[in-house]
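Reviewing the structure listed below.
What you see below is based on every heavy atom in this structure, not just the backbone, and it leaves out hydrogens, waters and symmetry mates.
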Amino acid sequence: MLIFWFYCGCCCGSFLLVVASRTIAGESLGMSRSHCQFCQCPLHWWELFPVLSFCWQRGRCRTCHHSLPLSLLVWELTAGWCFWLSPPVNFQSTLWLLFLLGFQLLSIFDSLCWGYPTWLLLPQIGLTFLLSQQSVLAILLESFLYLALLAFNHWHPWIGNGDLDLLWLLLLILPLTTWCSILLTASGLGLIWLIKQHHRSLPFLPFLFLSTLLYLTGLVCFSA
């Protein structure tokens with residue numbers, strides 16, 4: 001059954017990538033067929049199977065033979081990972097799954113254009129408050145800290161506002177020690193990426209998303 005949920009997640013990840021890339025490009029989500037982003041050639045039905053089509057075509061377009069971005073495979077697999085971690089079998093696990101998929105969509109946007117549409121954050125905030133088990137006082141204090149950091153970041157930019165948004169939401173639903181561990185892991189992964197790519201800045205949300213999945217995986221494995 002977990003294999004079924006995993007592949008459902010891979011299909012969902014493929015869809016989320018299409019949503020993000022078409023939104024950024026200003027294309028319609030439902031009026032045009034799936035196509036190669038390089039040669040614009042429409043894809044046949046056998047090219048639409050997540051992961052399997054990528055492997056079968058050896059990571060290349062069938063028509064123009066251009067190498068497909070590895071990120072395509074990564075986003076499909078990570079969405080499958082989300083479904084494996086929290087299959088939608090009850091209300092609570094469905095909430096967690098929706099939160100993770102929303103986190104992934106924001107991360108895809110961040111990886112493609114270093115930002116995301118603000119309206120996408122609204123359902124994520126709603127899911128966070130449904131998942132949070134903290135007291136009202138703790139939520140208010142953490143939200144005040146978040147607003148203070150946003151104001152400071154406006155005058156002295158040091159991190160993206162979108163990164164602060166997700167850090168705030170994670171703080172509302174995770175223990176402080178776990179939150180710190182995820183932040184340190186994401187920072188370490190981001191630093192490795194900067195060194196390898198010889199860049200001075202990076203989209204941080206994908207690393208924060210990956211670190212969150214790693215933590216949740218450890219939690220699932222140790223509780224099994």
Report yes or no: does Thr185 contribute a side-chain atom to a donor-acceptor pair with the main-chain N or O of Ser211 at less than 3.5 Å? no
Please say whether more than 12 non-hydrogen atoms of neighbouring residues, nucleotides or ligands are located less than 6.0 Å from CD1 in Ile3. no
Residues in side-chain hydrogen bond (donor to acceptor under 3.5 Å, both in side chains) with Asn161, at least two apart? Asn153
Ile173 and Trp96: side chain to side chain contact (heavy atoms under 4.5 Å, CB included), yes or no, with the steps? CA-CA 10 Å; Ile173 58 177; Trp96 266 108; 3.7 Å; yes
Should Leu130 and Val89 be regarded as members of a common hydrophobic cluster, given that ILVMFWY residues are connected when their side-chain heavy atoms come within less than 4.5 Å of each other, either directly or indirectly? yes
Around atom OH of Tyr7, are there more than 12 heavy atoms from other residues, nucleotides or ligands closer than 6.0 Å? yes
Do the non-hydrogen side-chain atoms of Glu76 and Leu72 ever get within less than 4.5 Å of each other? yes
Nearest heavy-atom contact between Gln134 and Ile139 is O-CD1, 3.9 Å
Do you know which two heavy atoms are closest between Gln104 and Cys82, and how far apart they sit? OE1-SG, 4.0 Å
Can you check whether Leu166 reaches Phe204 side chain to side chain, under 4.5 Å on heavy atoms? no
Does any non-hydrogen side-chain atom of Trp75 lie less than 4.5 Å from one of Ser107? yes
Apply side chain to side chain contact (heavy atoms under 4.5 Å, CB included) to residues Leu170 and Phe99 and explain how you reach the verdict. CA-CA 10 Å; Leu170 288 175; Phe99 177 84; 4.1 Å; yes
Is Val136 linked to Leu145 within one hydrophobic cluster, defined over Ile, Leu, Val, Met, Phe, Trp and Tyr using a side-chain heavy-atom separation of less than 4.5 Å? no
Taking all heavy atoms of Gln124 and all of Leu98, pick out the closest pair and write down the distance. OE1-O, 4.3 Å
For Pro203 versus Trp193, what's the shortest heavy-atom pair and its separation? CD-CH2, 4.4 Å
Who are the side-chain hydrogen bond (donor to acceptor under 3.5 Å, both in side chains) partners of Ser93, not counting sequence neighbours? Asn90
Report the C-alpha distance between Leu121 and Tyr116 in whole Å, list the side-chain angles of each, state the deciding distance to 0.1 Å, and finish with yes or no for side chain to side chain contact (heavy atoms under 4.5 Å, CB included). CA-CA 9 Å; Leu121 189 65; Tyr116 54 79; 3.8 Å; yes
For Leu141, the other hydrophobic cluster members (4.5 Å side-chain criterion, sorted by chain and number) are Leu137
Could you list the residues that satisfy side-chain hydrogen bond (donor to acceptor under 3.5 Å, both in side chains) with Trp81, not counting sequence neighbours? Thr217
State whether the number of non-hydrogen atoms from other residues, nucleotides or ligands found under 6.0 Å of Gln133 atom CD is greater than 12. no
At what distance, to the nearest 0.5 angstrom, does OG1 of Thr128 lie from CG of Leu95? 10.5 Å
Which pairs count as ring-ring contact (aromatic ring centres under 6.0 Å, His included) when at least one residue sits in residues 130-149, sequence neighbours excluded? Tyr146-Trp168
4.5 Å side-chain heavy-atom contact, Ser86 and Trp5: no
Tell me, do Leu205 and Phe109 make a side-chain contact under 4.5 Å, heavy atoms counted? no
Determine, step by step, whether Tyr215 and Ser181 satisfy the side chain to side chain contact (heavy atoms under 4.5 Å, CB included) criterion, reporting the C-alpha distance in whole Å, the side-chain angles of both residues, the deciding distance to 0.1 Å, and the verdict. CA-CA 8 Å; Tyr215 161 74; Ser181 298; over 6 Å; no
Got a donor-acceptor contact below 3.5 angstrom from the Ser111 side chain to the Ile108 backbone? yes
Result for side-chain contact (heavy atoms from CB on, under 4.5 Å) between Ile182 and one of Leu216, Thr177, Thr212 points to Thr212
What residues form a side chain to side chain contact (heavy atoms under 4.5 Å, CB included) with Val18, not counting sequence neighbours? Arg22
Would you call Leu97 and Thr94 a side-chain contact if the rule is heavy atoms closer than 4.5 Å? no
For Gly190 and Leu202, which heavy atoms make the closest approach, and how far apart are they? CA-CD1, 3.4 Å
Could you see if Phe209 belongs to whatever hydrophobic cluster contains Ile159? Use Ile, Leu, Val, Met, Phe, Trp, Tyr and a side-chain cutoff under 4.5 Å. yes
Please name the pair of heavy atoms, one in Phe54 and one in Pro69, separated by the smallest distance, quoted to 0.1 Å. CE1-O, 3.8 Å
